[in-house]
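Below is one structure; the comments refer to it alone.
Hydrogens, waters and symmetry mates are skipped; everything else that's a heavy atom, side chains included, is used. Each chain gets a letter, A, B and so on, in the order its sequence line appears, and its residues count up from 1.
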Amino acid sequence: MLDIRLLREDAASVKARLATRSGNYSDLIDQILACDARRRESETRVQHLRAEKNRLSKEIGGLKKSGSDSSELEAQVKGFSNEMEDLGRLATELDAEQRNLLLQVPNLPAPGLPEGRDAEANVAIKHWGEPGPANPEDHVAIGERLGLLDLERAAKISGSGYVLFTGAGARLERALINFLLDLQTRSHGYTEIAPPVLVRRECMEGTGQLPKFEEDMYGFDGGNSFLTPTAEVSVTNIRRDEILSESELPLKYTACTPCFRREAGSAGRETRGMIRMHQFDKVELVKITTPEQAAAELESLTADAEKVLQLLSLPYRVLELCTGDIGFSSQRTYDLEVWAPGQGAYLEVSSCSHFGDYQARRMNLRYKDANGKNQFCHTLNGSGTALPRLYVALLETHTKPGGPLILPEPLQPYYGAAQIG
RNA sequence: GGUGAGGUGGCUGAGUGGUCGAAAGCAGCGCUUUGCUAAAGCGCCGUACUCCAAAAGGGUACCGAGGGUUCGAAUCCCUCCCUCACCGCCA
């Protein structure tokens with residue numbers, strides 16, 4: 001959520017920065033400012049009336065105490081109450097409306113991002129490893145040949161967009177998860193969390209999935225609880241509504257959870273195999289920091305995610321996303337894309353973002369700074385990494401046509417063998 | 001699911017209709033004194049919104065949340081949420 005003061009003070013530059021995103025927010029900003037003006041006006045009037053009413057009520061108290069008659073004043077105050085009722089209701093309504101509108105405004109892209117309307121304008125800022133030649137066998141073929149997964153039966157029990165790992169394939173997924181969590185906790189200092197995957201609506205608003213993207217989410221109980229589309233939601237909200245002490249920042253959490261996404265509107269895109277699914281596992285990295293720490297923490301978070309791909313010998317590139325391609329709540333994002341030879345394409349396996357105080361404002365997450373002032377925290381997160389696409393790249397990179405899957409050395413102790421098949 | 005007890009400021013904890021935003025203690029901050037790895041005394045010490053060009057200073061709201069009663073609610077009534085204890089059921 002943006003600071004309403006920023007909108008009041010410099011609406012023009014807010015609009016200009018939002019204009020670099022896809023979508024048009026100019027009218028929404030005007031609407032918010034109009035609402036804000038009306039809200040403040042009615043609030044001020046209510047407050048003046050209440051002040052007067054409070055004053056008279058106290059006078060009545062004094063009269064009663066001394067045994068004098070107060071019926072005249074009482075009648076007067078009663079008149080006040082009626083007048084206030086409508087005004088008070090209006091002020092409350094306008095306040096809710098303003099928040100509601102404000103929740104629909106995305107974060108401002110950080111200054112200095114590459115400008116562009118869509119992914120075309122993203123900038124590759126780093127390449128690691130040498131993308132291998134195309135593999136005629138893709139992960140579906142390899143997985144079925146080696147007996148690692150069964151997409152047909154997954155569809156039978158759940159529909160399309162689900163995977164059923166079997167035998168060695170299930171064991172491999174488990175080995176990957178343990179490898180990833182151990183890496184992030186032991187080598188990179190994250191605290192492991194095992195959160196619920198069903199959360200309240202407020203959490204989804206806090207991180208920015210709601211109210212805008214409700215149709216992409218699995219909701220229950222009339223929209224009061226949701227399956228999390230990413231552990232970002234549950235984990236970032238752990239400290240919602242809290243005031244942290246500066247000394248405990250930065251906080252670094254990691255969690256592996258199933259993620260649930262309707263993927264509404266993506267039908268037909270990348271639907272073969274396990275590129276895009278309704279349920280998948282993901283290791284998430286989350287940081288809560290001071291504003292000063294955030295920029296450096298984004299770099300290290302991205303490096304923490306990259307380490308996964310390096311240790312698994314999977315070539316990848318890092319993209320800096322342009323203004324039109326960063327997520328709704330993000331102000332700056334690096335995408336990690338792993339090379340998948342069976343696809344002949346790069347696959348996004350991690351999206352590392354700095355949200356500024358945008359999420360913190362939504363979830364009222366603050367810390368007490370050195371001067372004793374309450375400040376909004378900054379939040380960051382990134383995948384470390386998504387499991388299915390990592391799995392895809394692993395299979396397609398480390399399997400020769402017709403051959404076994406050769407496990408990268410760091411993964412071998414977790415799986416308990418050097419190869420599969 | 002049943003029964004019972006509760007939810008007050010960073011924490012502990014008073015307060016059952018009237019100057020209560022809320023006693024007291026602890027923690028924190030400032031000053032003073034004595035001195036030494038601390039003690040004592042004094043003062044300050046919630047949040048949000050809003051008025052004012054700003055500061056200073058006003059005002060309003062907030063005692064789990066939302067409604068209600070009343071001239072006036074932390075205090076009374078209703079609904080909901082949550083916590084704890086015991087019972088039942090259960091992976």
Determine the interatomic distance between [atom1] on [N] and the same-named atom on [M]; round to the nearest Å.
| N | M | atom1 | answer |
| --- | --- | --- | --- |
| B:C31 | B:U83 | P | 45 Å |
| B:A39 | B:G57 | C1' | 38 Å |
| B:A24 | B:C77 | P | 29 Å |
| B:G25 | B:C45 | C1' | 15 Å |
| B:C84 | B:U16 | C1' | 23 Å |
| B:U79 | B:A22 | P | 32 Å |
| B:C90 | B:G21 | C1' | 47 Å |
| B:G64 | B:C81 | C1' | 8 Å |

By the 4.0 Å heavy-atom rule, please label [X] as base, sugar-phosphate, or nothing.
| X | value |
| --- | --- |
| A:Lys64 | base |
| A:Leu73 | nothing |
| A:Arg200 | sugar-phosphate |

Evaluate whether atom [atom1] of [X] has more than 12 neighbouring non-hydrogen atoms of other residues, nucleotides or ligands under 6.0 angstrom away.
| X | atom1 | answer |
| --- | --- | --- |
| A:Arg8 | CZ | yes |
| A:Arg45 | CZ | no |
| A:Lys15 | NZ | yes |

Under 3.5 Å on both distances, the Watson-Crick or G-U partner of [N]:
| N | value |
| --- | --- |
| B:G9 | none |
| B:U79 | B:A65 |
| B:U60 | B:A48 |
| B:G18 | B:C71 |
| B:C86 | B:G2 |
| B:A27 | none |

Per-pair distances, 0.1 Å, donor-acceptor, side chain in residues 102-115 of chain A, under 3.5 Å, sequence neighbours excluded:
| residue | atom | partner | partner atom | Å |
| --- | --- | --- | --- | --- |
| A:Gln104 | NE2 | A:Asn100 | O | 3.3 |
| A:Asn107 | ND2 | A:Ser329 | O | 3.0 |
| A:Asn107 | ND2 | A:Phe355 | O | 3.0 |

Whole Å only: how far is the [atom1] atom of [X] from the [atom2] atom of [N]?
| X | N | atom1 | atom2 | value |
| --- | --- | --- | --- | --- |
| A:Asp369 | B:G28 | CG | P | 18 Å |
| A:Lys53 | B:A73 | NZ | C1' | 11 Å |
| A:Arg89 | B:G66 | CZ | P | 16 Å |

Side-chain donor-acceptor contact under 3.5 Å, [X] with [Y]:
| X | Y | answer |
| --- | --- | --- |
| A:Tyr253 | A:Glu284 | no |
| A:Glu97 | A:Gln31 | no |
| A:Asn54 | A:Ser57 | no |

Annotated protein contacts, base or backbone, on nucleotides 45-64 of chain B with a non-hydrogen cut-off under 4.0 Å, one of B, S, - each: --SSBSS-------BBS---
Which residues share a side-chain contact (heavy atoms from CB on, under 4.5 Å) with A:Asn178, sequence neighbours left out: A:Arg174, A:Tyr414
Phosphate contact (B:C71 OP1 or OP2) by A:Lys78 side-chain N/O below 4.0 Å: yes
